[in-house]
There are 2 protein chains.
Amino acid sequence: MKLDKGLMAGSSTLLVLTLLESGDMYGYQMIEELARRSNDVFQMQEGTLYPILHALEKGKYLTAYQQEAPSGRMRKYYRLTRRGRELLADKKAEWDRFRQGVGDVLSGGANALA
Amino acid sequence: MKLDKGLMAGSSTLLVLTLLESGDMYGYQMIEELARRSNDVFQMQEGTLYPILHALEKGKYLTAYQQEAPSGRMRKYYRLTRRGRELLADKKAEWDRFRQGVGDVLSGGANALA
DNA sequence: TGACATACCTTGTTGTTCGAGGTATCATAT
DNA sequence: ATATGATACCTCGAACAACAAGGTATGTCA
């Protein structure tokens, strides 16, 4: 069962930044790691991920460097900058507000007593 | 502080259907009720809501009827159909999967033991 | 009379995802 | 040798969704 495309919108940046919080990663690896951590709920497409990475790098939220894999292949690793960590904190706070908001509506209201 | 536009994407239909679960409502009222229940986290725009209502009505998820308000004004009320309740159940399940997925990624993985 | 809230609607812009395609390397099997 | 599949990067165009901004009209209150 695939997730609605709309739901992904807005959360992709949060997810990418979160992955990089636990260490530098390269794009292809992020897609795999995202699927692993989420039990395959998230199957991010390359056409979604790479533009996000490029935009975040352009905005100085990430820096990139090349590194050779044991296989000899070149990989492009991304690292969170200080700015990136700040953005991540904001995105996390926003996610919490959003999640809480949806929960409140589903339960009938923030202060639903009945 | 405004919510990112992207986060709203995909959840608007769920929110609208949820409101109608507790009784028939008219559009303008939904916007107010959504703000009330969510402590102003959700401030849905009319340009977002009305197209959603029309699409749901077209898809037979809702039926609409006119009713005069005490003030004498005409209001257009919407009512959930059986189909609509089924869609709502699906959307709720999808939201749960999504929320769980994000939570899993944020916490380092679904089965994070460390 | 004018201003504001109510109540409905549509159009165009913008932002985001995805599908589909392209390039190239490496490992494995034939 | 060669073909296939996984790895690894990238871009473009279509589709979709929310929003801003505009419009129409009625009721209320100063």
Side-chain angles (χ1 to χ4, degrees), chain A residues 2-17 19 24-36 41-59 62 64-78 91 94 98 101-102, chain B residues 2-17 19 24-36 41-59 62 64-78 91 94 98 101-102:
Chain A
K2 261 185 103 257
L3 260 191
D4 183 276
K5 186 199 299 188
L7 277 180
M8 285 307 299
S11 63
S12 295
T13 298
L14 166 65
L15 296 173
V16 166
L17 292 174
L19 288 180
D24 299 357
M25 284 192 195
Y26 55 98
Y28 199 84
Q29 181 185 12
M30 292 182 204
I31 290 173
E32 292 180 321
E33 182 66 8
L34 211 44
R36 191 192 67 76
V41 170
F42 299 129
Q43 295 166 13
M44 188 173 284
Q45 305 302 307
E46 300 187 8
T48 302
L49 178 61
Y50 289 114
I52 289 174
L53 290 174
H54 300 158
L56 286 174
E57 187 185 2
K58 193 177 174 191
L62 308 178
Y65 59 94
Q66 302 273 343
Q67 188 168 300
E68 197 175 340
S71 65
R73 301 172 62 100
M74 272 316 208
R75 289 168 176 167
K76 193 169 171 185
Y77 283 83
Y78 289 92
K91 291 279 183 189
E94 190 178 29
F98 177 68
V102 174
Chain B
K2 261 187 104 249
L3 261 190
D4 184 275
K5 187 201 295 190
L7 275 178
M8 285 307 298
S11 64
S12 295
T13 298
L14 165 64
L15 295 174
V16 166
L17 292 173
L19 288 180
D24 299 356
M25 283 192 197
Y26 56 97
Y28 200 84
Q29 181 185 13
M30 291 183 204
I31 290 173
E32 293 180 320
E33 181 67 8
L34 211 43
R36 191 192 67 77
V41 170
F42 298 130
Q43 294 166 13
M44 189 173 284
Q45 305 302 309
E46 300 186 8
T48 302
L49 177 61
Y50 289 114
I52 287 175
L53 289 174
H54 300 158
L56 286 174
E57 187 184 4
K58 193 177 174 191
L62 308 179
Y65 57 94
Q66 302 272 345
Q67 189 168 303
E68 196 176 339
S71 66
R73 301 172 62 99
M74 273 315 212
R75 290 169 175 165
K76 194 169 171 185
Y77 282 83
Y78 290 92
K91 292 279 181 187
E94 190 179 29
F98 176 68
V102 173

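A, B, ... follow the sequence lines: proteins, then strands. Residue 1 opens every chain.
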Side-chain polar contacts of residues 43-51 of chain B - donor-acceptor pairs under 3.5 angstrom, sequence neighbours left out - could you list them?
from	atom 1	to	atom 2	distance (Å)
B:Gln43	NE2	B:Asp40	O	3.1
B:Gln45	NE2	B:Gln43	O	2.8

>> Please enumerate all residues that pass side chain to side chain donor-acceptor pair (under 3.5 Å) together with A:Glu94, with sequence neighbours excluded.
In response: none
>> To check you understand the geometry: which heavy-atom pair defines the closest contact between B:Phe98 and A:Leu7, and what is its length?
In response: CZ-O, 3.2 Å
>> Judged by each residue's nearest nucleotide on DNA chain C, which is more toward the 5′ side, B:Ala69 or A:Met44?
In response: B:Ala69
> Quick one: B:Gln43 CD to D:dC19 P, roughly how many Å, whole number?
Replying inline: 10 Å
>> Taking 4.0 Å as the cut-off, does a side-chain nitrogen or oxygen of A:Tyr28 come that near to OP1 or OP2 on D:dC9?
In response: no
>> Over all strands shown, is A:Lys5 touching base, sugar-phosphate only, or nothing at heavy-atom distances under 4.0 angstrom?
In response: base
Distances under 3.5 Å between protein N/O atoms and the N/O atoms of nucleotides 10-12 of chain C, please, pair by pair.
from	atom 1	to	atom 2	distance (Å)
C:dT10	OP2	B:His54	ND1	3.3

>> With side-chain contact (heavy atoms from CB on, under 4.5 Å) as the test, pick out the partner of B:Met25 among B:Glu33, B:Lys76, B:Glu32.
In response: B:Glu33
> With side chains defined as the heavy atoms from C-beta onward, is the minimum distance between A:Tyr28 and A:Arg75 less than 4.5 Å?
Replying inline: no
>> Starting the side chain at C-beta, find the nucleotide from D:dC10, C:dT17, C:dC9 nearest to B:Lys76.
In response: C:dC9
Check nucleotides 26-30 of chain D for protein N or O atoms closer than 3.5 Å to its own N or O atoms and list the pairs.
from	atom 1	to	atom 2	distance (Å)
D:dT26	O2	B:Arg73	NH1	2.1

> What's the CD-C1' distance between A:Glu57 and D:dC10, to the nearest Å?
Replying inline: 13 Å
> With A:Tyr65, which residues qualify under side chain to side chain donor-acceptor pair (under 3.5 Å), at least two apart?
Replying inline: A:Asp24
> To the nearest angstrom, how far is A:Lys58 atom NZ from D:dC10 atom P?
Replying inline: 15 Å
> Between atom OH in A:Tyr26 and atom C1' in C:dA24, what is the gap in whole Å?
Replying inline: 16 Å
> Just how far is it from atom CG of A:Leu15 to atom CZ of A:Phe42, taken to the nearest 0.5 Å?
Replying inline: 5.0 Å
>> I need the CZ-C1' distance between B:Arg75 and C:dT6, as an integer number of Å.
In response: 8 Å
>> Just to verify, what does B:Arg73 make a side chain to side chain donor-acceptor pair (under 3.5 Å) with, not counting sequence neighbours?
In response: none
> Within the distance-only criterion (no hydrogens, no angle test), does the side chain of B:Ser12 pair as donor or acceptor with the backbone N or O of B:Ala9 below 3.5 angstrom?
Replying inline: no
> Rounding to a whole Å, what distance do you find between A:Glu33:CD and D:dA8:P?
Replying inline: 14 Å
>> For a quick test of reading the model: is some side-chain N or O of B:Gln45 closer than 4.0 Å to OP1 or OP2 of D:dA20?
In response: yes
> Could you state the CG-P distance from A:Leu53 to D:dA8, rounded to the nearest angstrom?
Replying inline: 15 Å
> In whole Å, what is the span from the CG atom of A:Leu14 to the P atom of C:dT17?
Replying inline: 12 Å
